[in-house]
Amino acid sequence: MVMMEFVTNLDNLINEFLLNIGIYGPILGCFCILIESILPILPLFVFITINFLVFGSIVGFIISWIFTVLGCLMSFFLFRKIIKNWFDNKTKDKKQLNKVMHTINKVKLEQLTAIIAVPFTPAFLVNIAAGLSKMSFKKFFIALCIGKIFLVLFWGFVGTSLLQSLTHPIALLKVVILVLLAFIVSKIINKKFELD
């Protein structure tokens with residue numbers, strides 16, 4: 001109960017601070033969106049909501065989507081180009097971990113898109129897993145571009161915190177609908193371009 005109150009107060013404090021610093025709020029928000037994809041210490045939904053409030057639905061969506069995708073790509077390439085070889089060498093004898101990586105390698109485009117589209121999925125974990133796996137960049141990039149559309153739309157229009165969303169059935173229903181849409185769109189694209 002105390003932890004829940006602390007998180008709610010922190011959420012309100014961040015919202016108040018960003019709304020009071022004017023145009024620097026969204027600029028800081030965009031920078032924080034990039035950082036959040038690598039270090040999961042910042043509340044992504046706050047920055048997306050602020051962008052929607054300050055720039056409006058269309059520009060706010062475009063800015064949030066671009067920076068969310070860029071942040072995830074930075075994280076992906078950090079792990080793919082810098083850490084992957086070291087990781088492969090250190091884990092080649094670890095059967096359990098290799099099984100997990102094999103499962104990640106075989107994830108279908110529509111499954112990955114649905115995972116990315118869920119607002120409560122930790123983006124940094126998906127980026128790390130994709131970067132360390134043998135998943136093709138093309139598959140990751142397409143899933144990312146589609147999935148983040150629905151994630152940004154959810155946070156932008158619902159504009160609620162994780163705690164509020166979990167207590168409002170309508171918000172949860174919107175999550176399910178957006179994830180289903182992301183899954184269907186990626187299924188169609190996968191069928192057309194045969195990415196798996």
For I48 and G156, which heavy atoms make the closest approach, and how far apart are they?
CG2-N, 3.7 Å
Kindly compute the distance separating CD1 (I115) from CD (E110), expressed to the nearest 0.5 Å.
11.0 Å
Please check if atom CZ in F141 has more than 12 non-hydrogen atoms from other residues, nucleotides or ligands closer than 6.0 Å.
no
Answer with yes or no whether the hydrophobic clustering places I146 together with I188; edges join I, L, V, M, F, W, Y residues whose side-chain heavy atoms lie under 4.5 Å apart.
no
Euclidean distance, S186 OG relative to L181 CG, rounded to 0.5 Å:
10.5 Å
To the nearest 0.5 Å, tell me how far C30 SG sits from L70 CG.
10.0 Å
Assigning hydrophobic clusters by single linkage (Ile, Leu, Val, Met, Phe, Trp, Tyr; side-chain heavy-atom cutoff under 4.5 Å), is I149 placed with L34?
yes
For S136 and K139, indicate whether the former's side chain and the latter's backbone hold a donor-acceptor pair under 3.5 Å.
yes
Same apolar cluster (I L V M F W Y, side chains within < 4.5 Å links), L132/V126:
yes
Using a strict cut-off of less than 4.0 Å between a Lys/Arg side-chain nitrogen and an Asp/Glu carboxylate oxygen, indicate whether K92 and D88 qualify as a salt bridge.
no
CH2 of W155 to NZ of K148, rounded to nearest 0.5 Å, is 11.5 Å
Do the side chains of L44 and M74 join up, straight or via other hydrophobic residues, at under 4.5 Å, putting them in one cluster?
yes
Rounded to the nearest 0.5 Å, what separates atom CG in L125 from atom CG in N127?
8.5 Å
Heavy-atom distance under 4.5 Å between the side chains of F87 and L97, does that happen here?
yes
According to a 4.5 Å side-chain heavy-atom criterion applied to Ile, Leu, Val, Met, Phe, Trp and Tyr, with indirect links allowed, do L153 and F183 form part of one hydrophobic cluster?
no
Least distance between heavy atoms, S64 atom then I33 atom
CA-CD1, 4.3 Å
So does L109 get a backbone contact from the side chain of T113, meaning a donor-acceptor N/O pair under 3.5 Å?
yes
Taking all atoms of both residues into account, what is the closest heavy-atom pair of I104 and M135, and its distance?
O-CE, 3.7 Å
So F137 and F76, would you call those rings parallel, tilted or perpendicular, with 30° and 60° as cut-offs?
tilted
Using side chain to side chain contact (heavy atoms under 4.5 Å, CB included), reason through T121 and I116 one step at a time and then give a plain yes or no.
CA-CA 7 Å; T121 301; I116 291 170; over 6 Å; no
Between H102 and S133, is the side chain to side chain contact (heavy atoms under 4.5 Å, CB included) condition met? List the steps.
CA-CA 8 Å; H102 182 69; S133 72; over 6 Å; no
Heavy atoms of C72 and L144 approach each other most closely as CB-CD1, 3.5 Å
Please indicate whether K187 has more than 12 foreign heavy atoms, meaning atoms of other residues, nucleotides or ligands, lying under 6.0 Å from its NZ.
no
Determine yes or no for a side-chain-to-main-chain donor-acceptor pair under 3.5 angstrom, with W65 supplying the side chain and L151 the backbone.
no
Hey, could you give me the CG/CG distance between L78 and L73, rounded to the nearest 0.5 Å?
12.5 Å
